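Presented below is the structure to which this report refers.
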Amino acid sequence: MSKRISLTRYLVEQQRVDGLIPGQLRLLLEVVARACKRISFEVNKGALGDAMGSAGSENVQGEVQKKLDIIANEVLIEANEWGGHLAAMASEEMEGIYIVPNRYPQGEYLLMFDPLDGSSNIDVNVSIGTIFSVLEKPQDHPGVTEADFLQQGAKQVAAGYCIYGPQTTLVLTVGDGVAMFTLDREQGSFILIEENVKIPEDTKEFSINMSNMRHWDPSIKRYIDECLQGEEGPRGKNFNMRWIASMVADVHRILCRGGIFMYPWDKREPNKPGKLRLMYEANPMGWLMEQAGGAASNGHQRILEVQPTQLHERVSVIMGSKNEVERVARYYTEVDSNKA
Ligand code: AHM
Ligand code: MG
């Protein structure tokens, strides 16, 4: 039988052998994984549990919360608040930051998450997931504030997601490539299934919500139009399209076989830079893409270099196979230089 490497062992080796992560970060990641395991069990129960449907409330972004959004948020907070590794947490489902209560020791890390991404898919039994991002708390002052979270994605020390699909798989980077672990439900542990995940630089598959086409800007229109022309068009090849409406599932497919994922700015809400959130959606996914040899851009700059000004800031997202992301960014540059 081939050697099975658990997430625990992988993280211990990252800490001990490679010296890549401190012990506190290893603990933190183990706790996040444990929380994801619990969320996976709740998701799995479906209508047999009491967790389906709307919670009858809205989050800070004005989106209707599903019961499972709230349950997943609580599971992550309860699991992480007492271990002594965190100073504070922030979530898509909470307006402000959650400071670790005084009764527990305060650690040096900040954790951000989208507890259940793709929540429009919960009730229809389609893949959803938890996205997370870890930063270090700046050490130049005591206590912790929201401003401490406003760091560029390039400063992340760990990031990943857990997809709840036909399998539950945790995907992780600590800056040393991307590794994937599938939950073995009989043993209750995450087992390494792939290390050094690599995204092909070219692709024939794009992922975008085509129903928004009339609202796009010219660069995105041009890119998709050229893909749609197939072999007869300027790209000289046929493209396939996939849109799961669950960023975790679309990103997971791209990490497995390449592709480009886009949720760009559009005219529906012209004052917002995009739909997806920078700190706990685009940054962690962008770092995973880069660590797997792909790229992540907002059309004008690397997502990881965007300086956040608010916790729930939004961003335009173009990520995946490197040559395709660079092509879209080039189209933006051409439009910009024609304007100048
Ligand atoms: P959520 O965090 O409220 O679930 O929203 C994010 C999701 C992404 O997972 C997905 O890519 C996108 O919203 C789908 O949006 P749309 O329904 O506009 O296609
Ligand atoms: Mg989300």
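Ligands are counted one by one from 1 in listed order, and the atoms in each one are counted from 1 as well. Everything numeric here is computed off the predicted structure, so don't read it as measured data.
Only the backbone of S246 comes within 4.0 Å of ligand 1, judged by heavy-atom distances. Only the side chain of F261 comes within 4.0 Å of ligand 1, judged by heavy-atom distances. Contacts between D117 and ligand 1, counted as non-hydrogen atom pairs separated by less than 4.0 Å, involve both the backbone and the side chain.
Near E92, with a cut-off below 4.0 Å to any heavy atom, the atoms of ligand 1 are 1 (P), 2 (O), 3 (O). Listed by atom number, the atoms of ligand 1 under 4.0 Å from A245 heavy atoms are 9 (O), 10 (C), 14 (C). Interface of D114 with ligand 1, defined as ligand atoms under 4.0 Å from a residue heavy atom, comprises 2 (O). Close approach of ligand 1 to M247 is summarised as follows: ligand atoms under 4.0 Å from at least one heavy atom of the residue are 8 (C), 9 (O), 10 (C), 11 (O). Listed by number with element, the atoms of ligand 1 under 4.0 Å from a non-hydrogen atom of N209 are 16 (P), 18 (O), 19 (O).
Considering both main-chain and side-chain atoms, S120 never comes within under 3.5 Å of ligand 1 through any nitrogen or oxygen pair. In terms of N/O distances under 3.5 Å, ligand 1 is not approached by R268. The shortest N/O to N/O separation between V248 and ligand 1 does not fall below 3.5 Å. Taking only nitrogen or oxygen atoms, main chain and side chain alike, E281 reaches within less than 3.5 Å of ligand 1. Checking only distances, L276 never comes within under 3.5 Å of ligand 1, N or O to N or O.
Under the 4.0 Å criterion applied to side-chain N and carboxylate O atoms, R314 and E269 are not assigned as salt-bridge partners. Salt bridge K45/E42: present, at least one basic N to carboxylate O contact under 4.0 Å.
Here the side chains of E290 and L304 are in contact, with some heavy-atom distance below 4.5 Å.
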Chi angles and distances behind the side chain to side chain donor-acceptor pair (under 3.5 Å) call for T203, R257: CA-CA 9 Å; T203 183; R257 68 177 191 210; over 6 Å; no

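Checked by atom type, the side-chain pair D117/Y280 shows no donor-acceptor distance below 3.5 Å. Between the side chains of R4 and S189, no donor N or O sits under 3.5 Å from an acceptor N or O. In the model, S127 has no side-chain atom that pairs as donor or acceptor with a side-chain atom of S246 under 3.5 Å.
Heavy-atom contacts from other residues, nucleotides or ligands closer than 6.0 Å to CZ of R38 number 12 or fewer.
No donor-acceptor pair closer than 3.5 Å links the side chain of D225 to the backbone N or O of K221.
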